[in-house]
Amino acid sequence: MPELPEVEVVRRGLARWTTGARVEAVEVLHPRPVRRHTAGPDDLVARLVGARIDDVVRRGKFLWFELDTGEALLAHLGMSGQLLLEPPDAPDEKHLRVRLRLADREGGALQGRELRFVDQRMFGGLAVVDLLPTPDGLPGGTGGAPPRAAEGHDDDGVPRLGVPSSSRVPEGVAHIARDPFDPHLDDAALLARLRTRRSGVKRALLDQDLLSGVGNIYADEALWRSKLHGERSASALTRPAASRLLGDVRDVMAEALAQGGTSFDSLYVDVNGASGYFERGLAVYGREGRPCPRCGAPVRREAFANRSSHSCPVCQPRPRSASGR
DNA sequence: CCAACTACCTGAGCGC
DNA sequence: TGCGCTCAGGTAGTTG
C-alpha cells in the first residue's frame, strides 16, 4: 500500500544508487506489468538498453527515471510493487516481473547490482514514455537531484524535496496533480478547488487529479487529526478547516517519511528490502476496536467505496445528512 | 467539468 | 485437505 511517503523513500534510494548508471540489459518476465507500454515488451527493452539514468523524480505516487535519451522510465508501485537493488546472484523473487541489469557508474558505487521490479498483485507497472513540457512551465515533479535540489524543511517542518532538473513530466502523468510536498503546489488554488467539490471530503482527498499522493491510509489519518468525518461535504468546509486539513495531510506524511514509511507486511519495502516504522504512528487506520489515542473511544470501521474507512466515532461524528454541514 | 461506478490482480485468512 | 468466499486498494475507463 505505498502512498507518497513510501514512494519517496524508494525514490531516494533509487536516486542515490542509480543516478549515472547505464542500463545494460532488460528482461521482462511477465507482460502485465508493462501493459502501459503500448508498443510492447520488446520495444520497451530496446528503448532502455544503453540509456543512462540522469535523475529519479516523483509526483504523487508516480516516479520516473529521466534518461539521457530524452525519454523516461515511468514506474508505479500500485498495491504491491517493489523496486529493489540487489546483487545479480540473489535468487529471483517469486513475483519478479522485470529485471534491469545496470552497469557500474563511475566510482563503482552501484557495485553491479540489479534493479528488480517485483509485484505480487500487478496493479503497478513500468513504461518508457516521452517527457512533455508542463502546462504551467514550472518544474515537473518533486524530488530532484543536486545541484539545485535543496532538501530540508521549511518553517512548518514540512519536507521541501527540491526542484527536478527538467520542466517536463512523462506522458500520461500530466493529469496528476502536484502533491503536498511539491514546492510549486499552489495551496490557495487547491483549497479553493477543494471547496467547490460536491463529494465527501475523503473522496476529494483521494482524487489524484485534485491533489496527488494521498491514499486510503493517510486520508484516514489526516481526517482523524482534523477531527473530520470523511463523508463531510468538501464544499461545506470552512476555509480555515480546509487549510488545517491540508496541514494535517502534510504533517502526517512528513512524520511517516521520517520513519521510513508505513509497512504492514513485507509488501512495502525500500530498495534494500527494509520495512518502515510508521505503523506505530497510526492513530486509526487498521485499528478497528482499539482506543482512539485522543479520547479512548473504540475506533470505528465503515465501508467506503469498496474498501474501508477508519475513524473515531466521538472525535469524528458522521454528518447529519449527505450534504454534510 | 464533475461524480460514481467497475475491472483489473493475487494471496492471506476464514468458515465449513 | 480443500473449496469458496471476503478483503486488501490505486488507477483507467465508462457512464450519467
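To find a chain, count down the sequence lines: A is the first, B the second, and so on, and within it residues start at 1. Since we're looking at a predicted model, the values are computed, not measured.
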- Query: Between the base of B/dA3 and the side chain of A/Arg203, is there a donor-acceptor distance below 3.5 Å?
  - Reply: no
*Can you hop from A/Val56 to A/Trp17 via hydrophobic side chains spaced under 4.5 Å?*
yes
For A/Ser212 and A/Leu4 the tightest heavy-atom approach is O-CD1, 4.3 Å
Atom CZ of A/Arg197 and atom C1' of B/dC1 are separated, to the nearest Å, by 9 Å
Notebook entry, point to check: Which part of the nucleic acid, if any, lies within contact of A/His175, taking any heavy atom under 4.0 Å across all strands shown: a base, the sugar-phosphate backbone alone, or nothing?
Noted result: sugar-phosphate
Rounded to whole Å, CD1 of A/Ile176 lies from C1' of C/dG10 at a distance of 10 Å
Side-chain atoms of A/Arg121 come closest, of C/dG10, C/dA8, C/dT11, to C/dA8
Next on the checklist: Check this one for me: any side-chain N or O of A/Lys94 less than 4.0 Å away from OP1 or OP2 of B/dT10?
Outcome noted: no
Picking from B/dC8, C/dT11, B/dC2, the nucleotide nearest the side-chain atoms of A/Arg32 would be B/dC8
Flag for A/Gln316-A/His310: side-chain donor and acceptor within less than 3.5 Å:
no
Of the listed C/dT11, B/dA3, B/dT10, the closest approach to the A/Arg198 side chain comes from B/dA3
A/Leu74 atom CG is separated from C/dT11 atom C1', nearest whole Å, by 12 Å
From the list A/Arg307, A/Glu221, A/Lys202, A/Glu3, side chain to side chain donor-acceptor pair (under 3.5 Å) with A/Asn216 holds only for A/Lys202
Closest of B/dC2, B/dA3, B/dT10 to the A/Met122 side chain is B/dT10
A/Phe117 CZ to B/dC9 P, in whole Å, measures 14 Å
Of A/Arg97 and A/Arg193, the one whose closest nucleotide on DNA chain B sits nearer the 5' end is A/Arg193
| Under 4.0 angstrom, heavy atoms only, what part of the nucleic acid is A/Asp119 near: base, sugar-phosphate, or nothing? | nothing
Separation of C/dG10 atom C1' from A/Leu206 atom CG, nearest Å, is 9 Å
Practice prompt. May I ask you to evaluate whether A/Gln208 reaches the phosphate of C/dT11, defined as a side-chain N or O under 4.0 Å from OP1 or OP2?
Written response: yes
For A/Ser308, which contact category applies under a 4.0 Å heavy-atom criterion: base, sugar-phosphate, or nothing?
sugar-phosphate
Separation of C/dG10 atom C1' from A/Glu3 atom CD, nearest Å, is 9 Å
- prompt: Does A/His95 make a side-chain N or O approach to OP1 or OP2 of B/dG11 shorter than 4.0 Å?
  reply: yes
A/Leu77 atom CG is separated from B/dC8 atom P, nearest whole Å, by 23 Å
Taking B/dT6, C/dG10, C/dA8 as options, the one with an atom nearest any side-chain atom of A/His76 is C/dG10
Nearest heavy-atom contact between A/Val249 and A/Val214 is CG1-CG2, 3.9 Å
_Quick check: do A/Thr18 and A/Leu85 have side-chain heavy atoms less than 4.5 Å from each other?_
yes
Of B/dA3, C/dA8, B/dT10, the nucleotide closest to the side chain of A/Met79 is C/dA8
Among the nucleotides C/dA8, B/dC2, B/dG11, whichever has the atom closest to the side chain of A/Arg301 is C/dA8
Rounded to whole Å, CD of A/Glu6 lies from P of C/dA8 at a distance of 18 Å
With the side chain defined as heavy atoms from C-beta on, A/Arg36 is closest, among C/dT11, B/dA4, B/dT10, to C/dT11
Quick note, A/Phe123 side chain, CB onward, closest among C/dG10, C/dA8, B/dT10 is C/dG10
Exercise. Answer yes or no: side-chain N or O of A/Arg307 and base N or O of C/dG10 forming a donor-acceptor pair under 3.5 Å.
Key: yes
